[in-house]
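Just below is one structure, and these are the notes that go with it.
Residue numbers start from 1 in every chain, and the chains themselves are labelled A, B, ... in the order their sequence lines are given, proteins ahead of strands. For clarity, every value in this text was computed on a predicted model and none was experimentally measured.
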Amino acid sequence: MPELPEVETVRAALAPVMTGARIVGVDIRRPDLRWPLPSSLYDDLHNKKVSFVGRRAKIIVIAVEEKAIMLHLGMSGSVRISSHKPNAKPHDHIELQVSNGQETHYITLNDPRRFGYVDSVLLDDLSAHPSMSQLGPEPVAIEDQTLQVGDIVDLPYLNQALAQSKSPIKSFLLDQRQIAGLGNIYVCEALHRAGISPKRKAYTVKGARAARLLPAIQKVLEEAILQGGTSLRDHKQPDGKLGYFVQSLLVYGRDGELCTSCKTPIKAIVQSGRTSFYCPQCQR
DNA sequence: CTCCTGACCTGAGTGC
DNA sequence: TGCACTCAGGTCAGGA
């Protein structure tokens with residue numbers, strides 16, 4: 001499910017509820033998601049104080065005293081926040097109760113497919129964690145983000161990375177080691193906005209094309225964050241609202257419909273196991 | 001090394 | 001209504 005904008009939506013909802021609050025209840029309902037949960041998880045959380053909620057790529061990082069709790073939502077993960085104890089739903093795997101002394105909130109992690117994971121490391125070791133150390137730069141800078149994220153991607157970096165890859169640009173942009181945080185939806189949308197075919201080899205994206213690509217990526221992500229992400233089937237914001245960016249998608253999920261700029265039918269092809277949607281006329 | 005495929009898992013949608 | 005089948009916001013191990 002969630003790409004960077006959806007994860008950022010979750011982070012931004014968790015931050016005001018968790019920052020400075022104490023975790024007074026921890027209910028872990030199964031031993032594993034994609035991988036076994038860390039055996040220390042209960043102790044890492046229970047009766048501990050949260051100092052900040054950050055994000056790196058698609059990973060939410062919750063600093064709990066000396067530990068960093070890493071939360072990845074996989075394809076189908078979501079978080080609900082409620083002010084009273086919620087009724088347990090299927091696939092609610094972890095429930096936390098947090099209190100800042102005045103208010104109490106319940107935070108529930110739901111993940112039907114269990115492609116997500118939770119891990120726990122010392123804060124000092126966070127950047128060395130295998131799923132952190134390989135990540136490329138962040139595509140956009142987010143205000144109010146307390147976590148020290150990696151560098152923000154810039155044109156010189158992008159040009160150099162593109163020049164070294166023989167993959168199709170579609171696969172290049174999905175590769176979290178190149179730029180971190182993009183997924184299938186926003187890659188399709190960014191390539192459409194930039195007028196670049198998903199089939200084009202990365203090393204041939206240069207000059208004006210590369211210069212269009214970077215702002216296309218950044219704008220599509222920034223707009224999506226403002227609209228609470230994209231709700232297709234699973235994603236909801238933690239307060240239960242949908243993400244409204246779905247109405248701004250110009251190609252994703254629209255095969256057979258006419259391109260908004262040139263009226264050519266949108267095509268769907270499969271590239272490295274993922275569907276790419278694009279306009280064969282506008283995107284070259 | 002790089003690149004691609006299949007596997008992981010459940011639920012929603014479609015067509016018969 | 002039921003059943004078989006396909007597909008899905010991600011990533012990773014393994015093979016070419």
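- Residue contacts shown for S167(A) are limited to sugar-phosphate atoms, with no base heavy atom under 4.0 Å away.
- For H91(A) and dT10(B), the shortest distance from a side-chain N or O to OP1 or OP2 is not below 4.0 Å.
- Using a 4.0 Å heavy-atom distance criterion, Y186(A) is classed as making no nucleic acid contact.
- Rounded to whole angstrom, the span from the NZ atom of K201(A) across to the P atom of dT2(B) amounts to 15 Å.
- Among the heavy atoms of the strands, none lies under 4.0 Å from P130(A).
- Pairing analysis of DNA chain C (Watson-Crick: purine N1 to pyrimidine N3 plus N6-O4 or O6-N4; G-U wobble: N1-O2 and O6-N3; both under 3.5 Å) yields stems of 3 or more pairs at B:2-8 with C:10-16, B:10-16 with C:2-8.
- Remark: the Y186(A) side chain and the T230(A) side chain contain an N/O donor-acceptor pair separated by less than 3.5 Å.
- Separating the P atom of dT5(B) from that of dC7(C) is a span of 15 Å, rounded to the nearest Å.
- Heavy-atom contacts from other residues, nucleotides or ligands closer than 6.0 Å to OH of Y203(A) number 12 or fewer.
- Considering only the side chain of R34(A), dG10(C) comes nearest among dG10(C), dC9(B), dG11(B).
- Closest contact between the side chain of R113(A) and the listed nucleotides dT11(C), dT5(B), dC9(B) involves dC9(B).
- Within 4.0 Å (heavy atoms only), T275(A) reaches sugar-phosphate atoms of the nucleic acid but no base atom.
- The listed nucleotides are dC9(B), dG11(B), dT5(B); the one nearest the side chain of P112(A) is dG11(B).
- The ring-ring contact (aromatic ring centres under 6.0 Å, His included) search around H72(A) returns Y117(A), not counting sequence neighbours.
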